[in-house]
Amino acid sequence: MTVEQTPSYDSRQDEIDALKASLAEANEQLLETRYRLEEANDMIEAIRSGEVDALVVKGDNGHQLYTLKSADAAYRIFIEQMTTGAATLDDKGFILYANSPFATLLDQPLEKVAGRFFCDFISSQEAGECIKLMETAWKQPGLQQELALTSSFRKELPVLLSLKPFQLDGNYFMSVIITDLTDQKKQQQLLREKNQQLLEAQLTARDLNTNLEQTVQQRTKELYTNQERLTRILETMAEGVEILDLDGTLTYANPMAQKILGITQSSDDSSHYNNPKWPAFKLDDSPLPDAEHPQAVAQSSGKSVYDFEIGIQPPGRQMFYISINAAPIRDESGNITGSIATFTDVTQRRISIQQKDDFISVASHELRTPITALKASLQLLERFKNDGNPELMHRLIGQSNKSLNKVSILVNDLLDAKKMTEGHLQLNTSDFLIAELVNECCQHVRVGGDFQLVYEGEKNITVHADKDKIDQVLVNFVNNAVKYAPSSKEIRIRVVVDGGFARVTVIDNGPGIASERLPELFKRYYRVHNDGSNISGLGLGLYISAEIIRKHGCEIGVNSQLGRGSEFWFTLPLAT
Ligand code: ADP
């Protein structure tokens, strides 16, 4: 191979080197250009594919954000449709972009919002807060704070600001989301009010509860006290109380009812009683049908029955009488579920009434006999007054006097008994020898000659008493001996000193008195022989005697046995 030599090899070589160098530089520039082209291509591709939304261009007045219409459109629609406000601020806090909801919040047209300083829209009191918030938000992305927006038309609007800084092409921006808190605040206020109401309701409920508890406690206490009181009343009542259910089963009987009716509590069931169910009688002694029992009447009629008297005949005992008040018991619906009865033992009252009835018939009879006799004597006197028969006249006058005396004695007894009952008995006391009184008394018996009065015992006993009244007692004892012991011709009067008192006893050997009658003898109207016997008397003599002796502060009594005669006695204070 042949190499053509040029005249100046070295200069050619330099030229070549220079060419090579400029080629290398050109290559480098080409590479750079290619690189830039590629970059521009990439950018164009990115813009076309939507990877780039905006361009920030640095101009004379600082940065300017240029959004790319095609990429921005979707976001803009989206942002415009948001219900919350949104704005983009530059690094000085000026609004580059704001959506319509934000402008609506401010009551401003959108075009008047862009370019304004964001914190100018915050209430004057919180403007400083807003600036501070902006400064902090650059360092703390995602910062949130509640502030108040102001507008010229509306009063302050509570909003939540959410701030997020971002960087674009080396420039700093701040995105702000503005959420209207009006509803939320309203809800919160509502919630607070509801909570307050709830709290108040809770407090009221607690108070009510406390009150209720106190009331319940109070009521329970009252109930217990009332029950206790009721129980005590029922236990101590002088009246019997019993409750029957609709079947007539006795479900309650207070202690007095148990006593009067001879009821015992059932041993196997505390709500039932062993009611003996003795036969009941009407006051005319005819049997009382079950349906006419006051409690049955109260249950069937639904009405109360008052003071209904019935007799009850326990086997082997005397009939006793009770006066019943009965009323139906109803439940809350008004249905009758049983009956309650209160009753008292009125046996004594019934006996008294019976005695009074007997007494009236006896008294009428007793008075009628001497009055009839007196009437007859006076008629005879009238008829024979001109006959000139002094003997007949004398006899008729004597008979009239006798009858009149009997009437007078009966009337005196009645008046004395009345005086005693009313507590009007007056004593006229003096010292006197009992022997003297005994000797002077009972001349009518001595004169009659059928009976002999025998004095026994000491004769020098002086007593301090009402002599006339004691005479009345002694005469009564002697008269009774004559009346009720006619076969005992000897009547002994014994006078002794006994236990610091004078004791006077009138003794007969008559039929005597049954022991069960003895306790009754000194009661008013009581007569042992009032059952068909024809011995006259009002049942007042021993009653009057007992009152006279008791008025002296002394005692009166009787010892008697059937078939062995009787000893009626009384004591008197010795004279000092
Ligand atoms: P009266 O004689 O008017 O009936 P009293 O009060 O004097 O009333 O007597 C009450 C009753 O006591 C009498 O009815 C009589 O049955 C009874 N009695 C009184 N004294 C005797 C006596 N010595 N012997 C028997 N019974 C007597």
Side-chain angles (χ1 to χ4, degrees), residues 351-352 354-370 405-421 425 438 441-442 444-445 448 450-454 456 469-494 503-551 555-570:
I351 288 172
S352 297
Q354 189 58 48
Q355 281 178 340
K356 222 169 213 168
D357 290 350
D358 291 350
F359 169 76
I360 288 168
S361 72
V362 167
S364 335
H365 175 77
E366 291 292 308
L367 282 167
R368 201 169 52 212
T369 312
N405 265 343
K406 273 195 172 173
V407 172
S408 146
I409 288 168
L410 286 170
V411 170
N412 278 341
D413 272 359
L414 286 171
L415 290 175
D416 279 353
K418 188 169 180 295
K419 246 194 250 171
M420 312 274 164
T421 313
L425 178 64
V438 173
C441 116
C442 309
H444 60 291
V445 177
D450 290 338
F451 297 90
Q452 202 189 344
L453 298 184
V454 180
E456 285 181 4
K469 296 271 185 307
I470 300 303
D471 180 64
Q472 197 178 338
V473 174
L474 200 59
V475 167
N476 186 249
F477 279 12
V478 171
N479 278 351
N480 278 352
V482 170
K483 272 201 293 185
Y484 301 109
S487 56
S488 168
K489 298 300 174 194
E490 189 178 81
I491 299 166
R492 291 182 289 152
I493 301 173
R494 185 188 297 155
R503 187 184 181 95
V504 180
T505 311
V506 176
I507 305 159
D508 69 57
N509 296 313
I513 305 161
S515 57
E516 71 271 12
R517 305 277 184 149
L518 297 180
E520 310 295 319
L521 284 187
F522 296 92
K523 289 184 180 166
R524 210 159 35 139
Y525 313 132
Y526 188 83
R527 304 200 70 226
V528 180
H529 298 89
N530 60 359
D531 46 358
S533 143
N534 56 7
I535 303 174
S536 66
L538 295 174
L540 289 175
L542 288 181
Y543 166 71
I544 294 169
S545 302
E547 289 300 310
I548 291 171
I549 297 302
R550 282 182 200 130
K551 188 82 181 175
E555 289 178 31
I556 191 165
V558 57
N559 303 322
S560 183
Q561 265 186 331
L562 277 178
R564 294 224 175 153
S566 306
E567 293 186 8
F568 283 86
W569 57 266
F570 60 88

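Just follow the structure's listing: the first ligand is 1, and inside any ligand the first atom is 1.
- Taking each of Leu542, Ile544, Leu562 in turn, the one with a heavy atom nearest to atom 5 (P) of ligand 1 proves to be Leu542.
- Only the side chain of Ser566 comes within 4.0 Å of ligand 1, counting heavy atoms alone; its backbone N, CA, C and O stay farther away.
- Below 30°, between 30° and 60°, or above 60°: for Phe568 and Phe522 the angle between ring planes is above 60°, a perpendicular geometry.
- The atoms of ligand 1 that sit less than 4.0 Å from any heavy atom of Tyr526 are 10 (C), 11 (C).
- More than 12 non-hydrogen atoms from other residues, nucleotides or ligands lie less than 6.0 angstrom from CD of Glu520.
- Taking all atoms of both residues into account, the shortest heavy-atom contact from Gly512 to Ser566 is CA-OG, 3.6 Å.
- By the neighbour-count criterion of 12 heavy atoms within 6.0 Å, atom NZ of Lys483 is densely surrounded, having more than that number from other residues, nucleotides or ligands.
- Contact record, Arg517 with Val528: NH1-O, 4.0 Å, taken as the closest heavy-atom pair.
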Less than 3.5 Å apart, which donor and acceptor atoms pair up between the side chains of residues 537-551 and the rest of the protein, not counting sequence neighbours?
| unit_1 | atom_1 | unit_2 | atom_2 | d |
| --- | --- | --- | --- | --- |
| Tyr543 | OH | Thr421 | OG1 | 3.2 |
| Ser545 | OG | Asn476 | OD1 | 3.4 |
| Ser545 | OG | Gly541 | O | 2.8 |
| Lys551 | NZ | Leu425 | O | 3.3 |

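- Under a 4.0 angstrom heavy-atom cut-off, Lys483 registers as being in contact with ligand 1.
- Residue Lys489 qualifies as enclosed at atom NZ: its count of foreign heavy atoms under 6.0 Å is above 12.
- The two residues Gly565 and Ser560 have their closest heavy-atom pair at O-OG, 3.2 Å.
- Each of the atoms 12 (O) of ligand 1 lies under 4.0 Å from some heavy atom of Leu521.
- Polar contact check, Val528 against ligand 1: a nitrogen or oxygen pair lies under 3.5 Å apart.
- Residue-ligand proximity, Gly539 to ligand 1, at heavy-atom distances under 4.0 Å covers atoms 1 (P), 3 (O), 4 (O), 6 (O), 8 (O).
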Can you check side chain to side chain contact (heavy atoms under 4.5 Å, CB included) on Asp508 and Val482, steps first, answer last?
CA-CA 9 Å; Asp508 69 57; Val482 170; over 6 Å; no

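- Residue contact check: Gly541 has heavy atoms under 4.0 Å from atoms 5 (P), 6 (O), 7 (O), 8 (O) of ligand 1.
- Test Val454, Ile507, Val478, Thr505 against Ile493 for side chain to side chain contact (heavy atoms under 4.5 Å, CB included) and you get one pass: Val478.
- Not close to ligand 1: Phe522, with no non-hydrogen atom less than 4.0 angstrom away.
- The N/O atoms of Leu538, backbone and side chain alike, include one that comes under 3.5 Å of an N/O atom in ligand 1.
- For the pair Tyr543 and ligand 1, the shortest N or O to N or O distance does not fall below 3.5 Å.
- Atom numbering of ligand 1 starts at 1 in the shown order; those under 4.0 Å from a heavy atom of Arg527 are 1 (P), 3 (O), 4 (O), 14 (O).
- Each of the atoms 19 (C), 20 (N), 21 (C), 22 (C), 23 (N) of ligand 1 lies under 4.0 Å from some heavy atom of Phe568.
- Listed by number with element, the atoms of ligand 1 under 4.0 angstrom from any heavy atom of Ile513 are 25 (C), 26 (N), 27 (C).
- Interface of Leu540 with ligand 1, defined as ligand atoms under 4.0 Å from a residue heavy atom, comprises 6 (O), 8 (O).
- Heavy atoms of Asp508 found under 4.0 angstrom from ligand 1 belong exclusively to the side chain.
- Polar contact with ligand 1: absent for Gly512 (N/O pair, distance under 3.5 Å).
- Nearest heavy-atom pair across Phe477 and Phe570 is CE2-CD2, 3.6 Å.
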